[in-house]
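First the proteins, then the strands, lettered A, B, ... as listed; each starts at 1. The model shown is predicted, which means the values in this text are computed figures rather than measured ones.
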Amino acid sequence: MSIRCRFAPSPTGYLHIGGVRTALFNWLLARQAGGQFILRIDDTDLQRNQDEALQPILDGFRWLGINWDEGPEVGGPHAPYYQSQRLSRYQNEVRRLLHAGAAYRDYATPEETAAERAEAEAAKQDFVYSRRWMAETDEQAQAFEAEGRKCVVRLKMPREGQCSFYDHIRGEVSFDWAREQDHVVQRADGTCLYHLASVVDDFDFQITHVVRAIEHLSNTPRQIFIAQALGYPLPEYAHIPFVAEPGSKTKMSKRKIAQYLKNPDFKKMLDHGMAIAQRIGKSITPESFNPVLVDFYKTVGYLPDAINNYLVLLGWSLDDRTEEFTREEMIQQFSLQRVVKSEASFDPQKLLSFQARYMSRLPVKQKVPLVIPYLQAAGLVAEPIPCEMGETVAAVVTAAGDRLVVAGDILQFDDFFLPDEALPYDPKAFEKRIGKAEKAEFLLNEFRKVLVGVEPFDAASLERALHGFCETQQIQPGDIVHALRVALTGKGVGFGLFDTLAILGRDRSLRRIQAALLRKQSAPA
RNA sequence: GGCCCCGUCGUCUAGCGGUCUAGGACACCGCCCUUUCACGGCGGGAACACGGGUUCGAGUCCCGUCGGGGUCACCA
């Protein structure tokens with residue numbers, strides 16, 4: 001039988017990085033076996049606007065290349081894939097549970113249940129429902145209803161023995177049935193709850209492997225109980241460790257961003273991303289824009305392959321040295337057997353290092369189209385991009401080299417796309433390299449004259465010209481290079497100076513030097 | 001608190017009884033390259049939670065302790 005895996009997000013509006021990792025493992029397993037990967041929407045409870053909350057999740061998966069064979073927008077033989085649309089199916093199965101004696105109608109009010117719970121807690125005992133308002137016959141039910149009570153349906157869990165099952169990651173696992181509660185499977189309003197829905201859907205969709213985060217491990221006995229009561233075959237289980245907070249073993253949650261900010265690496269990553277997001281006019285809040293969410297990476301310009309590669313290594317490894325996997329290699333090599341048991345904490349720096357590697361290998365031709373939307377969003381180049389401008393972008397990308405780690409980093413080189421007269425200067429750099437540098441003004445002025453005659457105006461000739469200039473002036477290259485960079489770009493750091501000159505071209509270079517000199521004169525040190 | 005899971009460098013991990021004075025990667029530190037930044041090259045520090053067993057031999061098996069985490073809803 002072919003492998004069928006699923007990932008079942010709730011439409012919360014956000015795609016969590018830990019969720020992606022879980023989905024990725026499922027996807028890998030399905031692809032490897034030539035099976036199917038199914039996306040099911042667990043929306044049994046939420047009344048929220050579903051489409052709006054779901055779209056970012058679907059977009060995120062698409063962006064990462066984690067495609068689904070059945071699910072929202074693609075349909076499939078078992079449609080619908082939304083739990084909210086499958087209620088009658090669940091209700092039908094609840095009836096079967098009732099008939100089989102595996103569940104009962106319970107007429108306790110929430111207050112009464114809470115009271116029993118509190119009592120048990122006060123006595124420091126495990127809560128075991130007394131089943132005082134349990135109705136197993138219609139007569140009992142009518143009696144309770146005569147009192148004006150409403151019922152939920154609870155599982156009638158075994159009160160002795162053990163539930164044992166095999167888990168691909170954990171091995172043989174067992175729980176005492178007696179510790180299990182009589183979980184509610186159907187609410188008083190007739191809607192059904194997650195555990196029931198999940199089991200029914202897994203059966204209906206013919207899911208063979210349930211690969212999910214470890215927090216579901218303790219849910220498994222009740223799901224097994226439901227499945228067995230309904231006569232379903234059991235899927236295979238694999239409970240993978242969750243993704244933990246940076247530098248910790250606590251489950252990562254999007255609600256604790258403020259706390260993660262204490263982690264310097266995390267903060268650095270967020271600050272870098274925020275700077276880019278602001279430049280491209282994306283409205284950001286910590287809730288919707290941070291490194292826990294996939295949208296962050298998409299917005300800032302990370303490469304999906306880099307993210308997938310990082311994520312696959314979070315809790316899985318092939319051997320003692322292989323770190324890089326193409327998509328195909330991942331599919332081929334992945335195995336549940338080699339999934340690690342302990343939780344893995346999210347390390348922004350390592351993710352960044354994968355990004356840097358993948359980016360540096362990308363040919364300029366492929367980087368350019370990645371980068372252009374950022375320049376356009378920041379209002380630096382027109383849309384559509386003029387042909388000539390495309391060449392400039394390519395030249396900047398080439399010169400930037402490895403300095404371009406994420407696509408949004410192109411904005412660090414915005415100076416090439418700014419009009420000469422609008423060039424802002426980094427005050428500190430200007431002060432240090434031109435303002436109070438004694439010979440800077442003189443040297444800039446002299447070198448300007450040299451520039452007028454450089455032919456052709458390319459990096460190699462410019463380099464020769466500058467070295468010649470240094471000899472005649474009896475100075476070191478460092479004496480002029482820094483001042484020149486600030487004059488040309490407004491910044492103290494940047495890529496090669498000769499590339500900078502060549503890309504700007506003679507006219508703009510001369511104009512910018514002139515402007516810097518003027519500025520120096522108008523605001524003397 | 002009950003139950004369950006986990007425990008090798010700061011982080012991700014290799015290790016499935018001897019080849020481990022514990023290997024790789026990221027990060028960190030130093031040096032080199034260099035017009036800044038980045039890249040790159042070379043080198044360095046850095047871990048088997050603890051205590052008992054079992055065994056000729058334990059990071060590897062067993063037990064306990066400690067530590068961390070998850071879960072205990074008419075949430076998913």
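- When heavy atoms are screened at a 4.0 angstrom cut-off, A/G492 is found touching base atoms of the nucleic acid.
- Put simply, A/S317 has a side-chain N or O that comes within less than 4.0 Å of OP1 or OP2 on B/A14.
- Within the structure, every side-chain polar atom (N or O) of A/R222 is placed at least 4.0 Å from both OP1 and OP2 of B/A76.
- Counting non-hydrogen atoms under 4.0 angstrom, A/H239 reaches nothing in the nucleic acid.
- With B/G10, B/C6, B/A25 as the choices, the nucleotide that has an atom nearest any side-chain atom of A/D347 turns out to be B/G10.
- For A/K350 and B/A27, a side-chain-to-base donor-acceptor distance below 3.5 Å is absent, hydrogens and geometry of angles not being considered.
- Residue A/S218 places no side-chain N or O under 4.0 Å from the OP1 or OP2 atom of B/C3.
- In this structure, A/F469 has its ring center at least 6.0 angstrom away from the ring center of A/H467.
- The side chain of A/D402 sits closest to B/A38 out of B/U35, B/G2, B/A38.
- In this model, the phosphate group of B/C72 is not approached by any side-chain N or O of A/R117 to a distance below 4.0 Å at OP1 or OP2.
- Out of B/U35, B/G24, B/A38, the shortest distance to the side chain of A/L497 is found at B/U35.
- Nucleic acid contact class of A/V152 (heavy atoms, under 4.0 Å, all strands): base.
- Taking only side-chain atoms of A/H195, from C-beta outward, the nucleotide of B/U13, B/G10, B/A76 with the closest atom is B/A76.
- B/U60 sits 12 Å from B/A22 when the C1' atoms are compared, rounded to a whole Å.
- Side chain of A/Y82 to main chain of A/G71: no donor-acceptor pair is present (N/O by atom type, distance under 3.5 Å, no hydrogens or angles).
- A gap of 23 Å separates the P atoms of B/G68 and B/G52, to the nearest Å.
- The side chain of A/K251 contributes an N or O atom lying less than 4.0 Å from OP1 or OP2 of B/U71.
- The base of B/A76 is paired with the side chain of A/N219 by a donor and an acceptor separated by under 3.5 Å.
- Across the C1' atoms, B/C16 and B/G59 are found 11 Å apart, a figure rounded to whole Å.
- Nucleotides B/C39 and B/G30 have their P atoms positioned 15 Å apart, rounded to a whole Å.
- Of the possible donor and acceptor atoms, none in the side chain of A/S10 sits under 3.5 Å from a partner among the backbone N and O of A/T12.
- Comparing the P positions of B/U11 and B/C48 gives a spacing of 12 Å, expressed to the nearest Å.
- Taking the side chain of A/R485 as heavy atoms from C-beta on, and the options B/U11, B/U36, B/C74, the nearest nucleotide is B/U36.
- Phosphate contact (OP1/OP2 of B/C12, side-chain N/O of A/K249, threshold under 4.0 Å): present.
- Across all strands shown, A/A483 has no heavy atoms under 4.0 Å from either base or sugar-phosphate atoms.
- Within 4.0 Å of A/V405, counting heavy atoms only, lies no atom of the nucleic acid at all.
- Comparing atom distances between the A/K341 side chain and each of B/U35, B/C6, B/C74 picks out B/C6 as nearest.
- For B/C74, the OP1/OP2 oxygens have a side-chain nitrogen or oxygen of A/R154 closer than 4.0 Å.
- Across all strands, A/F495 comes closer than 4.0 Å to base atoms (heavy-atom distances).
- Of the listed nucleotides (B/C3, B/C5, B/A76), B/C5 has the atom at the smallest distance from the side chain of A/R170.
- Using a 4.0 Å cut-off, no side-chain N or O of A/S10 falls inside it from OP1 or OP2 of B/C75.
- Of the listed nucleotides (B/C6, B/C12, B/C5), B/C12 has the atom at the smallest distance from the side chain of A/S345.
- Nucleic acid contact for A/R40: none, since no nucleic acid atom lies under 4.0 Å from a heavy atom of the residue.
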Quiz item: Please walk me through it: do A/D42 and A/R40 pass salt bridge (Lys or Arg N to Asp or Glu O under 4.0 Å)?
Solution: CA-CA 6 Å; A/D42 280 13; A/R40 179 229 294 164; 3.0 Å; yes

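- With both ends at atom P, the span from B/C66 to B/U54 equals 23 Å, rounded to whole Å.
- The base of B/A73 is not paired with the side chain of A/H183 by any donor and acceptor separated by under 3.5 Å.
- Residue-level contact check: A/A188 touches the bases, meaning some heavy atom is under 4.0 Å from a base atom.
- The pairing partner recorded for B/G1 is B/C72, the criterion being a Watson-Crick or G-U wobble arrangement whose two distances lie under 3.5 angstrom.
- Using a 4.0 Å heavy-atom criterion, one finds that A/G315 contacts the sugar-phosphate atoms exclusively.
- B/C42 sits 12 Å from B/C26 when the P atoms are compared, rounded to a whole Å.
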